[in-house]
Structure formats: structure tokens, C-alpha cells
Amino acid sequence: MDVTTIINSLNDAQRLAVTAPSQAMLVLAGAGSGKTRVLVHRIAWQIKVEGVSPHSILAVTFTNKAAKEMRGRIENLLSISAHNLWIGTFHGIAHRLLRRHAQQARLPETFQVMDSGDQLRVIKRLLSNLNFDDKQWPPKEMQWYINAQKDEGIRARHCVETGDSHDRQRLIIYKAYEELCDRSGLVDFAELLLRAHELLRDNADVLEFYQKRFTQVHVDEFQDTNTIQYAWLRLLTDGKDNLFVVGDDDQSIYGWRGAKIENIYSFQRHYPNHQIIKLEQNYRSTGTILKASNKVITNNTGRMGKELWTDAGDGDLISLYAAFNEQDEAYFVVDRIRAWVNEGGIRSDTAILYRSNAQSRQFEEKLMATGTPYIVYGGLRFFDRAEIKNALAYLRLIANRHDDASFERVINTPTRGIGAKAIDEMRNIARDQSVSLWSAAILLINQRTMSARATNALIVFLELIKSLENDIEELTLDEKVKRIVEKSGLMALYQNEKMDKGDEKIENLEELVNAAKLFEFDKDNEDKLGEVDMFLSYAALEAGVSQSEESEDCVQLMTLHSAKGLEFKQVFLVGLEEGLFPSQQSVDDTGRLEEERRLCYVGMTRAMQQLYLTYAESRRLYGRETYPRPSRFLREIPAELLQEVRMRATISRPVNAVQAKSAKFQTQGSYKLGQRVSHAKFGEGVVLQIEGEGAQERVQINFKSAGVKWLMLAYAKLDIL
DNA sequence: TTGTTCCAGCTTTTT
DNA sequence: GCTGGAACAA
């Protein structure tokens with residue numbers, strides 16, 4: 001193979017990184033500077049030129065999507081199967097290690113992965129078991145606390161006793177949670193990482209094996225690693241300068257989730273022989289967009305320092321739209337998108353990016369009203385749906401009867417006459433004797449202390465699980481799922497007409513059977529896992545965003561966080577208001593404010609050609625009218641890069657009632673300065689100023705009781721007095 | 001056991 | 001102002 005195909009398409013900085021001799025390397029890759037490309041070509045270079053065996057290469061990412069893309073691109077570039085290359089997410093790789101070395105990790109072979117929903121339910125149950133008031137001990141907070149401890153590598157037994165009773169109580173909960181998970185063979189996401197770290201730390205033979213095996217270790221999005229992930233990487237590369245990390249300190253937006261931007265600084269200390277390469281040439285955005293983004297991010301302190309540039313032209317100015325309210329903002333955005341499509345633009349080249357999910361609604365309504373296809377990212381994921389989790393819980397319980405979380409999930413779903421009382425009894429027995437709920441159920445039956453009816457119901461349930469296990473043994477995976485869904489009574493439950501959204505749930509269950517059918521089981525997988533276990537791990541760890549992707553050409557709606565790594569020709573960054581973006585919770589804290597600014601930087605650098613920034617002068621928030629200030633980030637953009645835009649005076653089709661109404665007002669020319677008006681909510685007032693025209697006409701009114709307000713004629717219900 | 005009503009809460013989210 | 005969850009009644 002010709003080496004030139006690997007390095008030909010690279011710029012100087014990229015080539016330097018790709019062809020560097022094996023050494024600790026930090027590639028600071030700005031947005032759109034070819035970060036993935038460097039990683040992919042680096043690995044290809046090592047295999048083809050340095051003669052490194054694919055077997056010796058490890059590449060770690062944060063998302064399954066990134067892992068998949070990287071694998072695909074390597075295979076493409078080298079025309080080889082990257083089968084024996086370890087590319088995966090931190091969690092995926094940790095999971096694999098734990099499966100292979102379950103015993104040394106002190107885990108049962110049948111351990112199951114819990115997602116955060118499962119984890120929360122376990123914690124809730126635990127709290128009520130221990131008689132903790134969940135008003136005083138919000139389960140969400142406890143979950144956050146436990147995960148934060150684990151992210152830092154702190155076990156309950158490491159926590160130092162303080163005199164503080166709150167701390168002590170919290171520790172009791174953490175400890176009980178650990179015990180419960182151990183007993184049930186349950187592993188949460190944070191535990192995967194922590195356990196994998198401990199596995200290497202405490203088993204010299206395992207550590208040595210992997211240190212020898214992986215001569216090259218690569219990490220994507222290094223700025224997002226947390227303490228334990230970095231500690232794990234350090235163990236794996238200890239004494240060898242073979243850690244190649246790619247990241248961008250300016251795009252670190254997951255600090256609130258435990259990511260330590262400091263790891264980039266520590267890296268330089270821990271690997272003194274490292275080399276740093278900056279990738280600053282951007283292949284995505286126009287010069288104007290880059291200049292503005294650079295300017296915004298320079299307001300942050302303690303950066304590694306980096307300035308994006310492009311040899312493409314400046315392009316258009318950034319458009320700024322000051323909306324009257326959130327309705328108007330949505331109206332403007334949708335109007336622009338329709339104009340774009342009319343001129344032949346592709347809808348999926350357009351993204352609406354917002355700070356918080358709640359903001360999507362206005363845009364959805366307007367898009368729907370105009371019949372513009374759109375897709376909102378970040379909704380409930382397929383494998384997170386209740387009906388899917390129920391079905392999988394049966395599968396898990398059959399695979400591992402001591403999985404208490406699954407046991408409790410399905411014991412009375414569908415209802416089979418096992419009420420709260422019986423379940424309480426089982427919990428007590430389980431707690432007192434340190435056994436699983438399944439074992440407790442058997443004990444309870446043998447005790448014969450419950451009513452005959454309850455005892456019977458319990459026997460029926462246990463028999464159901466046992467018989468299902470027998471039934472499905474010989475079936476293919478999709479048949480297994482199908483049989484379980486039917487025999488468990490889940491199908492019948494959702495077929496019941498009274499069940500709301502029953503049809504949808506049935507469809508989802510059918511989709512699950514379909515997913516099982518499509519699931520590619522690798523018999524020779526390195527982890528010696530059975531098909532069912534593989535499928536369950538897949539559901540927990542790799543659950544795709546939404547199962548059935550819309551193939552239609554759609555406008556893309558998502559939060560700024562989920563936009564990271566993506567690019568669009570046209571980007572609308574909306575809701576640029578103090579209190580919203582930056583969010584209220586972040587404005588008093590420099591660190592958090594800087595993370596918001598990085599988020600803004602991420603959002604702006606998503607745009608390839610045209611960037612629109614919008615804010616509303618009034619916004620309904622929590623049912624209250626607010627009058628936010630424009631975001632400080634707007635002021636950080638040089639004015640000469642901005643262009644204030646107004647809505648086009650003529651709107652192509654004035655069909656909707658709102659416009660018709662404002663048109664009527666216009667023809668009457670009804671508002672003059674000093675005109676007395678009355679408003680349904682604000683009462684009587686006097687017109688002070690008039691601005692704009694058509695659907696954009698607005699008036700400033702001094703209300704007797706409510707004070708001075710700007711109102712849009714198109715929306716305000718005003719009567720002339 | 002189910003359906004209703006009431007009440008708190010309300011960034012960002014992958015694994 | 002809306003939504004999801006919990007508490008309550010039937």
C-alpha cells in the first residue's frame with residue numbers, strides 16, 4: 001500500500017501529529033480542524049508504516065457514534081477489517097474488561113449493566129427500605145452524590161467519618177447501595193469505570209497483560225475525561241510514553257458531569273516527554289464565523305490558547321435578530337428556514353440550537369404549523385421507554401434471577417395480584433438475610449405467612465419465569481423476545497383499550513423484536529458472552545438515540561450539548577438571553593460561566609456558511625412574563641461582524657389569523673402616541689411609542705398598574721378606548 | 001388496583 | 001404554565 005494515501009490529504013500540523021514517532025502526544029484540535037481525521041490517520045500510519053499490529057492498538061471515545069465512525073473510517077482508509085482493533089467507549093471497553101476478568105473484578109459472571117434510570121429506581125427503593133424520607137433525601141441528589149464519588153474513585157469505605165450527621169447518613173446510603181448492587185450483580189455506569197480501574201490497579205497480572213498488549217493508546221475528546229477515566233489511562237500506559245490524546249480545552253462542556261479539563265494540564269506533568277501539536281486551520285466555517293468565535297472564547301481565562309483560521313473567504317456577516325418575544329423568535333427562524341428551502345436549500349443542512357430542551361416547543365409549533373418536517377434530538381431513547389424496559393427486565397431476570405432491579409420491575413407488571421404488602425415482605429426478608437428478592441420470595445412462600453391468594457400469585461410468578469426460561473432456551477433471539485413479550489402478558493396489557501398510547505407501545509415492542517432480529521451476534525466475540533447477554537449489554541450501553549430514524553429531509557433541533565461534533569450549513573443559535581444562556585445557575589460562578597461560554601463557542605463553530613443569533617426581549621418562562629437582557633456573549637462579538645436583521649416586510653402567505661388581525665389594525669392606522677388602550681391582563685394604559693410594521697408592529701404602553709411594557713400588536717389583545 | 005387530583009419543580013446528558 | 005410523580009379516594 002502506498003503511504004501517500006495516508007498523509008497526502010493532510011496539512012502540515014496534521015501530518016506532524018500523524019507521523020510522529022511513538023511518544024506521549026497532546027493534539028489540541030480546534031473545532032472543525034480535522035480531529036477525527038488525525039486520529040484515524042495516526043492509527044492507519046502506525047499499522048501500515050510502523051508495522052504495529054492492530055491487535056496492539058486501543059482507541060477510546062466517549063460515544064458509540066464516534067467509535068463507530070472511527071472504526072469505519074480506518075477500515076475505509078486501509079481496506080482492512082478493523083475487527084481485532086479495540087475501538088470503543090470508555091464504558092464499553094471497561095465492560096469488556098470486566099466480562100473477561102469478572103472473577104478478578106469480584107463480580108459474578110452474570111452481572112448486568114444498569115442504566116441511570118435503573119440506578120435511580122434502585123436508590124429510591126433503597127431509601128424507602130432504610131426508612132429515609134425522600135423529601136429530605138431526594139433520590140436524584142443521592143444518585144448524583146454516589147456517581148460523583150465513584151467518578152473520583154472514592155468508595156464508601158474511603159469516605160472519612162466527619163462529625164456532620166448529614167454526611168454520615170449519606171454515607172450509610174452509599175454503603176447500602178454498594179452492598180445491594182454487589183448482592184444483585186448490578187453495575188451502574190460509574191461503577192463500570194471504577195471497577196475497571198480497580199481491576200488493573202489490584203491485579204498485577206491483568207495490568208501487565210494489557211500494558212504489554214496495548215503498545216498504542218489513543219483517546220478522543222480528552223478534555224471530557226473524568227478523574228477515574230484518566231487514572232485508568234495512566235495505569236494502562238504507566239512507564240511507557242504511548243498515550244496519544246486529542247482534545248480541545250475550549251470545547252469542554254461536561255464539567256458538570258465530572259469531566260476534568262485539568263486532565264489536559266496534568267497530562268503535561270505526568271508525561272514529561274510529551275509533544276503538543278495545535279491544529280488551528282479550520283475547514284468548516286467562514287472567516288467571519290471564526291473571527292467571532294475566537295473573540296468570544298478569548299474572554300475565558302486559563303486557556304491553552306488557540307486561534308482558528310481558514311483560507312476560505314470571510315463569507316456573510318452573522319445575522320442578529322432581536323425578537324419581541326419567543327413566539328416572534330420562532331416565527332422569524334421558521335420564516336428564514338422556509339425562504340432557504342424555497343431557494344433550494346436542504347432542510348437537514350439547517351439546525352436550531354438552544355440551551356435547554358424546553359425551548360424546542362415554540363419552534364416545533366411553528367414548524368408544524370407551516371408543515372415543515374423537523375426532528376428533535378434528545379428525546380426519550382428507544383431503550384429507555386417503559387414498555388421496552390419491562391420486556392428487557394423479563395429477559396434479564398431469566399438470565400439472572402438475583403437481579404433485584406428487574407425482579408421488582410416486572411413482579412407486578414402486568415398486575416398479577418402481588419401488591420405492595422407482599423413486595424414489602426420480600427424486601428424485609430431480603431434485607432435481613434442479605435439475599436436476593438428471588439430467594440426471599442421462595443422463603444416467603446415456604447413460610448406460608450401470607451394469605452393463600454398472595455402466596456399463590458407469587459408461586460405463579462416464579463413458575464412463569466422458570467417456564468419461560470425453559471421455553472425460550474432453544475429459540476433464536478428475536479423469538480425469545482417475542483415469546484417473552486407474549487407470555488409475560490405485556491402484550492395483552494398494552495392491547496387493553498384503556499391503556500393510553502397502547503398502540504404506540506405495542507409498536508415499540510414489535511420494534512424490539514425486530515431489533516433482536518437485526519442484532520448481529522458475534523459468536524467468536526472476545527468476551528465469551530452469550531447472545532442474550534450481548535443483547536442486554538447492547539441495550540444498556542449502546543442504545544441508539546431513536547430506533548426508527550426519519551429518512552425524510554428534516555430541520556434539525558437540538559440542545560447545544562448534543563450539537564457538539566456536528567456541523568450545518570445554516571445554524572440558528574436561539575435564546576441568547578441572560579438567565580437562559582448563560583443560564584441563571586451559572587452567572588454567579590466564574591468557572592461555570594466559562595463553561596457556558598465554551599458552549600457558546602461550540603454552538604457558533606457548528607455553522608459552516610450562515611450563523612443566525614437571536615434573542616427575545618420578552619419571554620414567557622414558567623408561566624411568567626420575563627424581560628431578559630441580551631446575552632453577554634452577544635456583546636463579546638465585534639459589532640462589525642454582525643448585521644441586525646428585521647423580518648421581511650412582506651410575508652409570502654399571510655394566511656394565519658394572527659397576521660390577518662394585525663393587518664386589520666394596520667389599515668385602521670389605529671395607534672397614535674398618547675392613545676388610550678386597555679389590555680385584558682394589564683388593564684388601562686397609554687401608548688408611548690410605536691415601532692415596526694406588519695406582523696412586527698409593536699407598541700410601548702404605560703399601564704396604570706402594570707407599568708411600561710412593549711407589546712406586539714400581532715399577539716397582544718388590545719382594545720382602543 | 002385504578003383513576004383522579006394535587007403539588008413541586010423547572011439546565012445541559014452519554015454511558 | 002406545564003409536566004410528571006405521589007398521594008389519595010373509590
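Lettering follows sequence order; numbering is per chain, from 1. The structure presented is a predicted model; accordingly, all values stated were derived computationally and were not measured.
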If you check every side-chain atom of A/H91, which of B/dT1, B/dT15, B/dT12 has the closest atom? B/dT15

Tell me which one of A/L194, A/L97, A/L199, A/L193 satisfies side chain to side chain contact (heavy atoms under 4.5 Å, CB included) with A/W232. A/L97

Sugar-phosphate, base or nothing in reach of A/F62, heavy atoms under 4.0 Å: sugar-phosphate

Do any side-chain nitrogens or oxygens of A/N64 fall under 4.0 Å of OP1 or OP2 in B/dT14? no

Tell me if the aromatic rings of A/W86 and A/H218 count as close, with their centers under 6.0 Å from one another. no

Under-3.5 Å donor-acceptor pair between A/S562 side chain and B/dT12 base: no

For A/H561 and for A/F90, locate the closest nucleotide of DNA chain B by heavy-atom distance; then report the residue assigned to the nucleotide nearer the 5' terminus. A/H561

Under 4.0 Å from OP1 or OP2 of B/dT11: is there any side-chain N or O of A/N357 that close? no

Flag the pair A/S116 / A/L120 as yes when at least one side-chain heavy-atom distance between them is below 4.5 Å, and no otherwise. no

Under 5.5 Å centre to centre and under 30° between planes: does that hold for A/Y254 and the six-membered base ring of B/dT14? no

Could you go step by step and tell me if A/T559 and A/N357 meet the side chain to side chain contact (heavy atoms under 4.5 Å, CB included) rule? CA-CA 6 Å; A/T559 61; A/N357 283 307; 3.2 Å; yes

Can you see whether A/E595 engages A/Y254 through a side-chain donor-acceptor pair at a distance of less than 3.5 angstrom? no

Please list each protein N or O that sits under 3.5 Å from an N or O in nucleotides 2-4 of chain C, with the distance.
none

Interatomic distance where CD belongs to A/Q251 and P belongs to B/dT12 [whole Å]: 20 Å

Testing B/dT11, B/dT14, B/dT12 for proximity to the side chain of A/S583, the answer is B/dT11

Establish, with yes or no, whether the OP1 or OP2 oxygen of B/dT15 is under 4.0 angstrom from a side-chain nitrogen or oxygen of A/Y538. no

Taking only side-chain nitrogens and oxygens of A/R620, does any of them come within less than 4.0 Å of OP1 or OP2 of C/dG1? yes

Could you check B/dT11 for me: syn (within 90° of 0) or anti? syn

Value in whole Å for how far the P atom of B/dC10 lies from NZ of A/K140: 8 Å

Is the shortest side-chain N/O distance from A/T559 to OP1 or OP2 of B/dT13 below 4.0 Å? yes

Can you say whether the rings of A/F383 and A/Y538 are parallel (under 30°), tilted (30 to 60°) or perpendicular (over 60°)? perpendicular

Rounded distance in Å between the P positions of B/dT12 and C/dG5: 16 Å

For A/L353 and B/dT12, what is the distance between atoms CG and C1' respectively, to the nearest whole Å? 13 Å

Less than 3.5 Å between a donor and an acceptor, one on the side chain of A/R257 and one on the base of B/dT12, is that the case here? no

Take the protein atom NZ of A/K564 and the nucleotide atom P of B/dT11, then report the distance between them rounded to whole Å. 22 Å

What does A/Q229 touch in the nucleic acid at a heavy-atom separation under 4.0 angstrom: a base, only the sugar-phosphate, or nothing? nothing

So does A/D118 pair up with A/R396, basic N to acidic O under 4.0 Å? yes

For atom P, what is the distance between B/dT13 and C/dC2, given to the nearest Å? 22 Å

Please walk me through it: do A/R99 and A/H95 pass side chain to side chain donor-acceptor pair (under 3.5 Å)? CA-CA 6 Å; A/R99 285 286 176 206; A/H95 177 244; 3.2 Å; yes

Is the distance from OP1 or OP2 of B/dT11 to the nearest side-chain N or O of A/S586 less than 4.0 Å? no

